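Since the structure is predicted, the reported quantities are computational estimates derived from the model, not experimental observations.
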Number of protein chains: 2
Amino acid sequence: MLPISKNWEKFSHLFAREEISAKTLLLQEGQIANTIFLIEKGSLRSWFNNDGKEVTFQFFFEGQGVSSIESFITNEPSLFNIESLEPCVIYTLSKKDFQTLTAQEPAIKEEINAHILQRLFLYQKLFLSRIKDNPEKRYKEMLKEYPEIFQRVPQHYIASYLGITSVSLSRIRNRR
Amino acid sequence: MLPISKNWEKFSHLFAREEISAKTLLLQEGQIANTIFLIEKGSLRSWFNNDGKEVTFQFFFEGQGVSSIESFITNEPSLFNIESLEPCVIYTLSKKDFQTLTAQEPAIKEEINAHILQRLFLYQKLFLSRIKDNPEKRYKEMLKEYPEIFQRVPQHYIASYLGITSVSLSRIRNRR
DNA sequence: TAGCGTTTTTAACAATTGTTATCGTTCTAC
DNA sequence: GTAGAACGATAACAATTGTTAAAAACGCTA
């Protein structure tokens, strides 16, 4: 999630509003990210292909800013796809405009750096969760912490996120 | 690993040489880290207690700088222990001296920031490995990438690092 | 080198998850 | 509104891992 603050609002004219349908690919694995997306309505997920299997590893909702920020910053190919889960209203910001913006507003550069740190702390947390907890415990943790996700996201994506098959998640959910 | 560079050498007088035996606790979970360790000889591991079970999650060798850098910087209690695997020769740097040092040498502050980023990228990599790969694949990856670790580190610590029991690792190793 | 604690292997069994397939149900696009 | 795709539950079976225990191998040191 990019922290969208006052700093950004002054530049709202640089953002383009877009309506997209569900399952729209906003960024493809291997491409260099040249856009930042802000979600006004709807949800996105990031996923990558692992030996023919989709692995979902993050969900995004209203108010969040989304990008393959590593790719966006370093110009390296993105390691993952960004795709809509529902019909969305998003605002897009091109890299060119982003550069204009950061040049004029160093505070935004700081925000981006803070954002990268946050992302990486998230990975740390997720990694430790994988070490410590089995799939069932991770499921319960997720249900407790982010119950709203289960209301909006198809279960097989959540299974993928939890590192198990949808069959296994279905079993865990119906374990008395 | 802290990248120990020329910047540090000027301050070698601030480091205290210490010889420690195997299985010495250098930092205890819950304590605030107030020391940075440089390994001249020997090896360390970081681990934490998870419901009574030790979980090892990193190994350190000669030339590496080690600390619970998050705790050291933020003064929050460390989330993990640092313990010697073998008899070691280490150099220790106190937080006080470290602060003197960073005040005089901003480049070292930069190094530390870069180090934190590196650490977090490591978590990202490890997290994705946990998502993508089963224990057997992670073992093979580790054997290919870091064969030297297997020469020096007891197998049950490696098993813990891979997220499996030592029994399971033994089975995987002896799978024809 | 003898003894003791640590580490690794092996075994048997239990629990969990994966795989494949089927079957309703729900969603979506036309 | 209907057809086809997507989704969730379930079943049967296979594969993997966990658990517990015991024995074998190893390494240190007295």
Distance only, no hydrogens: is a donor on one side chain within 3.5 Å (strictly under) of an acceptor on the other, for Glu29(B) and Asn81(B)?
yes

For Glu136(A), is there an ion pair with Lys140(A) - N to carboxylate O distance below 4.0 angstrom?
yes

Validation row, ring centre Phe59(B) to ring centre Tyr161(B) under 6.0 Å:
yes

Round to a whole Å and report the spacing from CZ of Arg175(A) to C1' of dA9(D).
14 Å

Indicate, with yes or no, if Leu169(A) and Leu143(A) share a hydrophobic cluster defined by side-chain heavy-atom contacts under 4.5 Å among Ile, Leu, Val, Met, Phe, Trp and Tyr.
yes

Does Lys23(B) pair with Glu83(B) as a salt bridge, N-O distance under 4.0 Å?
no

Look at the side chain of Ser170(B) and the backbone N and O of Ser166(B), then say whether any donor-acceptor pair between them is shorter than 3.5 Å.
no

Closer than 4.0 angstrom, basic N to acidic O: yes or no for Glu54(B) and Arg45(B)?
yes

Any residue meeting salt bridge (Lys or Arg N to Asp or Glu O under 4.0 Å) with Lys41(B), in chain and number order, not counting sequence neighbours
Glu62(B)

What is the ring orientation for Tyr139(A) with Phe150(A), classed by angle as parallel under 30°, tilted 30 to 60°, or perpendicular over 60°?
perpendicular

Any chance NZ of Lys137(B) has more than 12 other-residue heavy atoms, nucleotides or ligands included, within less than 6.0 Å?
yes

B/S/- contact track for nucleotides 21-30 of chain D, protein heavy atom under 4.0 Å:
----------

Rounding to an integer number of Å, can you tell me how far Glu83(A) CD sits from dA6(D) P?
11 Å

Please name the residue in the list Tyr157(B), Phe48(B), Trp47(B) that meets the ring-ring contact (aromatic ring centres under 6.0 Å, His included) test with Phe57(B).
Phe48(B)

Taking only residues two or more places apart in sequence, or in another chain, which ones meet Ser129(B) in a side chain to side chain donor-acceptor pair (under 3.5 Å)?
none

Given pairs defined as Watson-Crick or G-U wobble with both distances under 3.5 Å, what dot-bracket annotation applies to DNA chain C, with ( ) intrastrand, [ ] crossing, | other strand and . unpaired?
||||||||||||||||||||||||||||||

Nearest non-hydrogen partners of Phe11(B) and Leu101(B), listed with the distance
CB-CD1, 3.7 Å

So where does chain B start and stop touching DNA chain C, 5' to 3', when the test is distance under 4.0 Å to a non-hydrogen atom?
dT7(C) to dA12(C)

Tell me what Ser168(B) touches on the nucleic acid: a base, only sugar-phosphate, or nothing, going by heavy atoms under 4.0 Å.
sugar-phosphate

Using heavy atoms and a sub-4.0 Å distance, could you list which residues of residues 138-165 of chain A are near DNA chain C? By number, please.
Gly163(A), Ile164(A), Thr165(A)

